[in-house]
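These notes are about the structure you will find just below.
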Amino acid sequence: AVGAGRAVGAPTMTPLTVGSLFSGIGGFDLGLERAGMTVKWQVEIDPYCLKVLEKHWPHVTRYTDIKAVKWEAVEPVDLICGGFPCQPVSVAGKREGTADERWLWPEFVRCLSVLRPRYVLIENVPGLFTAGFEHVVSDLAALRYDAEWQTLSACAFGAPHARERLFLVAYPVGEFSITEEGRDLDWKIFYQEQRTESADENRRCTWWEAEPALSRVAHGIPAATHRRPRLGNAVVPQVVEWIGKRIMAQEVLAL
């Protein structure tokens, strides 16, 4: 996906293509599109979420039951993203981890083993660290992917609420060095810089304000009537957008 139509003396790149697993109402998709990527397909089983996706991504291919998808017949993409169900690892639940029937990480692995994307972007609750994270990183290693991760908060991006989430980016072994200057995602440095910013400065953006009519707060996804029923599971697009831009920066360095 790199270098198509490159002009002499002016490196250019075609947008990275995206496949979205556990798409929900499209938080990942929106954030990555804002970063300059193109969504090619989505996987979501919830009927309401499917209606939202159909409205905002009418020309994108959609699949429903991830367990039934034949990945050999699915279009390869540059990046596969998704937040597999958090209920098995959330501190708000029984934390049965891999023993929970909702533990769908193996389906994520099945997808990656066939399509072999250049990038993998994963989101989940911090509870994953103590209830299944070893399976995630070991499975990625078995597929020959390097990985780096960081817990990021919505408030670090200007939201008036914490919403801490674990984000992980993986790429084929040897693709990028995490020690070579200028070639890593550098999340920790960015995170600390954001945490030191003024809270007053962060809250000036009116679209981040809490909505009194709801029992939850806005997470940066437009059109309240579309996100209300699934707001609690939504990924904050601003966080995903920033990660997406960091990935796009790696593509520029590779030109």
Side-chain angles (χ1 to χ4, degrees), residues 1-4 11-44 53 56-57 59-63 66 69 71-84 104-105 107-124 136-137 139-150 152 165-178 183-187 190 221 234-255:
V2 179
T12 60
M13 56 179 290
T14 56
L16 295 181
T17 55
V18 174
S20 173
L21 304 179
F22 312 103
S23 301
I25 55 176
F28 260 118
D29 311 62
L30 178 60
L32 294 177
E33 281 192 341
R34 288 175 176 174
M37 302 185 193
T38 301
V39 178
K40 291 294 186 178
W41 47 260
Q42 300 164 326
V43 182
E44 177 55 53
L53 297 175
H56 296 289
W57 286 273
H59 304 299
V60 169
T61 301
R62 263 170 296 280
Y63 305 91
I66 193 171
V69 177
W71 294 112
E72 293 81 1
V74 174
E75 177 183 2
V77 290
D78 298 307
L79 181 149
I80 292 177
C81 65
F84 56 95
L104 294 181
W105 167 246
E107 292 300 324
F108 209 132
V109 174
R110 189 171 68 87
C111 169
L112 298 179
S113 66
V114 175
L115 295 183
R116 304 291 305 176
R118 293 173 54 209
Y119 296 98
V120 181
L121 176 54
I122 298 168
E123 177 267 356
N124 215 289
V136 173
V137 292
D139 287 341
L140 289 170
L143 291 174
R144 300 291 293 166
Y145 280 95
D146 280 332
E148 48 187 286
W149 54 87
Q150 178 66 53
L152 298 175
R165 291 295 182 269
L166 161 64
F167 286 91
L168 180 150
V169 171
Y171 34 74
V173 170
E175 183 74 14
F176 299 117
S177 168
I178 62 173
R183 296 301 297 276
D184 64 348
L185 295 182
D186 204 20
W187 291 358
F190 176 88
I221 297 176
V235 177
V236 177
Q238 284 84 343
V239 181
V240 174
E241 178 184 2
W242 178 80
I243 297 172
K245 287 180 176 177
R246 302 293 285 184
I247 292 173
M248 295 290 283
Q250 303 300 328
E251 293 294 297
V252 173
L253 286 173
L255 289 176

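Across A170 and L140, no two heavy atoms sit closer than the pair CB-CD1, 4.2 Å. Residues C81 and L32 come closest through the heavy atom pair SG-CD1, 3.9 Å. Across P117 and Y145, no two heavy atoms sit closer than the pair O-OH, 2.6 Å. Here the closest non-hydrogen pair linking P76 and T17 is O-OG1, 4.5 Å. Looking at every heavy atom in both residues, P15 comes nearest to D78 through O-OD2, 4.2 Å. For the pair A35 and K245, the tightest heavy-atom approach, listed with the atom from each and the gap, is CB-N, 3.7 Å.
E33 contributes atom CD, which lies 10.0 Å from atom OG of S20 (distance to the nearest 0.5 angstrom). Taking CZ of F22 as the start and CD of E123 as the end, the distance is 11.5 Å to the nearest 0.5 Å. Residue I243 holds its CD1 atom at 13.5 Å from OH of Y119, rounded to the nearest 0.5 Å. To the nearest 0.5 Å, the span separating CD1 on I80 from CG on L115 amounts to 4.5 Å. In this structure, the separation between OH on Y63 and OG on S23 is 11.5 Å, given to the nearest 0.5 Å. How far CG of L16 is from CD of E251: 4.5 Å, rounded to the nearest 0.5 Å.
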Working for side chain to side chain contact (heavy atoms under 4.5 Å, CB included), residues I66 and F108: CA-CA 9 Å; I66 193 171; F108 209 132; 5.9 Å; no
Verdict with reasoning, N124 to L168, per side chain to side chain contact (heavy atoms under 4.5 Å, CB included): CA-CA 9 Å; N124 215 289; L168 180 150; over 6 Å; no
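Using a 4.5 Å heavy-atom cutoff, the side chains of E44 and I25 are not in contact. Considering only heavy atoms from C-beta on, V18 stays 4.5 Å or farther from D29 through its side chain. M37 places a side-chain heavy atom less than 4.5 Å from the side chain of I247. Annotation: side chain of W41 is not in contact with side chain of V69 (no heavy-atom distance under 4.5 Å). The closest side-chain heavy-atom distance from I122 to F84 is below 4.5 Å. The closest side-chain heavy-atom distance from V109 to L143 is below 4.5 Å. Residues R34 and Q238 form a side-chain contact, since some pair of their non-hydrogen atoms from C-beta on lies under 4.5 Å apart.
Other residues, nucleotides and ligands contribute over 12 non-hydrogen atoms within 6.0 Å of the CZ atom of R62.
Under the ring pair (Phe, Tyr, Trp, His ring centres under 6.0 Å) criterion, W57 pairs with no residue, sequence neighbours left out. By the side-chain hydrogen bond (donor to acceptor under 3.5 Å, both in side chains) test, W105 pairs with D139, sequence neighbours left out.
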